[in-house]
Amino acid sequence: MTNSFGSHDTSKLARYYRLHAPIYDATRWSFLFGREELLSMLPDLPPQARILEIGCGTGQNIARLEYYFPDARIMGIDLSPNMLAKAGQRLGSSTRAELRLESYNAESFSGDSFDLILLSYSLTMLEDRTQQVFDSILKDMKPNGYLAVVDFNTTPFRWFRHWMDINHADLSGHALPLLKKYFHPLTVEIHRAYFGLWTYFQFIGKP
């Protein structure tokens with residue numbers, strides 16, 4: 001697997017998810033809050049909309065997107081073959097979605113454009129690649145398209161931030177300010193989890 005962000009980080013994450021894919025859906029419900037609520041907040045999309053999820057994982061969001069937008073063309077991209085295998089099992093043969101194994105970059109969808117691009121708990125795993133990914137999203141998004149993001153925000157506890165760093169999630173709070181810099185916010189909500197152990201955000205914006 002090659003990509004413009006370098007193979008070292010993607011191979012590290014692929015190894016991580018090779019171990020976690022079998023238990024991902026059974027365990028992450030207690031951490032990944034706000035995913036379903038974000039999808040219910042999405043604006044109306046044009047008929048036969050094109051939707052991209054970056055870091056689609058086990059396909060949970062794609063299954064819901066197929067429900068919300070029954071005539072949409074949906075693309076899911078992920079760098080973990082193990083997570084995509086779980087997504088294929090979840091979605092089955094009747095799915096209208098296409099799943100692609102690679103790390104998202106500026107060359108992933110040359111010439112394509114999307115009405116909605118979704119990132120669900122993948123943005124804070126990008127480390128120093130966030131701005132490169134935003135540039136690629138702006139290239140791949142239609143002028144009247146939408147970006148929807150749900151992710152970790154920050155934590156007041158150093159020990160918890162260190163633990164999440166080990167699990168490849170950055171709780172430094174850098175993601176939301178960058179989103180507001182690159183995209184015009186339409187909806188921004190910040191919520192507390194476990195009485196303030198950490199906060200997470202939901203963001204919907206336009207180019």
Side-chain angles (χ1 to χ4, degrees), residues 5 9 12-13 16-17 19-21 23-43 51-65 68 76-80 83 104 116-138 141 145-207:
F5 302 144
D9 291 332
K12 179 173 63 176
L13 284 173
Y16 177 84
Y17 282 112
L19 297 175
H20 286 261
I23 61 171
Y24 189 88
D25 289 328
T27 59
R28 292 314 196 271
W29 63 267
S30 61
F31 275 81
L32 307 185
F33 299 125
R35 293 180 293 175
E36 188 167 1
E37 291 82 0
L38 178 71
L39 298 186
S40 68
M41 296 159 57
L42 292 173
I51 299 174
L52 168 66
E53 181 176 13
I54 301 169
C56 64
T58 62
Q60 186 174 38
N61 290 324
I62 290 179
R64 292 170 176 160
L65 287 167
Y68 283 112
I77 184 170
D78 201 283
L79 57 80
S80 167
M83 296 289 274
Y104 176 70
L116 170 67
I117 296 180
L118 170 67
L119 294 97
S120 175
Y121 286 97
S122 55
L123 183 59
T124 52
M125 305 186 79
L126 294 175
E127 298 178 342
D128 60 350
R129 304 187 302 273
T130 305
Q131 296 185 60
Q132 293 171 287
V133 168
F134 284 170
D135 288 337
S136 299
I137 289 173
L138 287 169
M141 184 184 297
Y146 297 94
L147 175 69
V149 182
V150 57
D151 215 318
F152 298 110
N153 186 35
T154 189
T155 176
F157 300 102
R158 184 179 299 177
W159 66 266
F160 186 71
R161 180 176 173 183
H162 176 68
W163 169 250
M164 295 302 285
D165 281 341
I166 294 174
N167 287 276
H168 306 286
D170 182 358
L171 271 71
S172 67
H174 78 289
L176 188 53
L178 274 176
L179 278 169
K180 293 177 179 179
K181 175 182 175 182
Y182 274 77
F183 302 91
H184 175 67
L186 301 178
T187 301
V188 181
E189 295 188 6
I190 299 175
H191 303 276
R192 297 198 311 163
Y194 295 112
F195 305 101
L197 179 58
W198 74 86
T199 59
Y200 65 94
F201 68 86
Q202 295 159 318
F203 176 97
I204 297 176
K206 293 182 70 67

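Predicted, not measured: the structure shown is a model, and the values here were computed from it.
- How far OG1 of Thr155 is from CE of Met164: 9.0 Å, rounded to the nearest 0.5 Å.
- Judged by distance alone, the side chain of Asn167 and the main-chain N or O of Ala169 form no donor-acceptor pair under 3.5 Å.
- A heavy-atom distance below 4.5 Å is not found between the side chains of Leu42 and Tyr146.
- Side-chain contact between Leu123 and Leu178 is absent, with no heavy-atom pair separated by less than 4.5 Å.
- We find the CG-SG distance between Leu119 and Cys56 to be 11.0 Å, quoted to the nearest 0.5 Å.
- Closest approach of Ile77 and Ile54 over heavy atoms only: CG2-CA, 3.7 Å.
- Sparse packing is recorded around CD of Glu36, with 12 or fewer heavy atoms of other residues, nucleotides or ligands lying under 6.0 Å away.
- Tyr121 and Phe152 have perpendicular rings, their planes meeting at more than 60° on a 0 to 90° scale where under 30° would count as parallel.
- Scanning both residues, Ser40 and Tyr68, for their nearest heavy atoms gives CB-OH, 3.8 Å.
- What you find for Gly76 and Ile62 is that their closest heavy atoms are CA-CD1, 3.9 Å.
- The OG atom of Ser122 sits 6.5 Å away from the CG atom of Asp151 when rounded to the nearest 0.5 Å.
- Counting non-hydrogen atoms of neighbouring residues, nucleotides and ligands closer than 6.0 angstrom, the NE2 atom of His162 reaches no more than 12 such neighbours.
- The nearest pair of heavy atoms linking Leu197 to Pro156 is O-CD, 3.8 Å.
- No side-chain heavy atom of Phe201 sits less than 4.5 Å from a side-chain heavy atom of Val188.
- For the atom pair Met141 CE and Phe134 CZ, the distance stands at 10.0 Å (nearest 0.5 Å).
- Looking at Ser120, its side chain never comes within 3.5 Å of a backbone N or O of Val150 through a donor-acceptor pair.
- Looking at heavy atoms from C-beta onward, Glu37 lies out of side-chain contact with Glu189 at the 4.5 angstrom threshold.
- Asp78 and Ser80 are not linked by any side-chain donor-acceptor pair at a separation below 3.5 angstrom, with hydrogens and angles left out of the test.
- Aromatic ring pairs are classed by plane angle as parallel below 30°, tilted from 30° to 60° and perpendicular above 60°; the pair Phe183 and Phe203 is perpendicular.
- Of the candidates Tyr200, Trp198, Phe33, His191 forms a ring pair (Phe, Tyr, Trp, His ring centres under 6.0 Å) with just one, namely Tyr200.
- Of the listed residues (Leu186, Leu118, Leu179), just one forms a side chain to side chain contact (heavy atoms under 4.5 Å, CB included) with Leu147, and that residue is Leu179.
- In this structure, Arg192 has no salt bridge (Lys or Arg N to Asp or Glu O under 4.0 Å) partners at least two apart in sequence or on a different chain.
- Looking at Tyr182, its side chain never comes within 3.5 Å of a backbone N or O of Leu138 through a donor-acceptor pair.
- Considering NZ of Lys181 and CD of Gln131, their distance stands at 5.0 Å, rounded to 0.5 Å.
- For the atom pair OG1 of Thr124 and CG of Asn153, the computed distance is 9.5 Å after rounding to the nearest 0.5 Å.
- In this structure, the side chain of Gln202 engages the main chain of Gly34 through a donor-acceptor pair within 3.5 Å.
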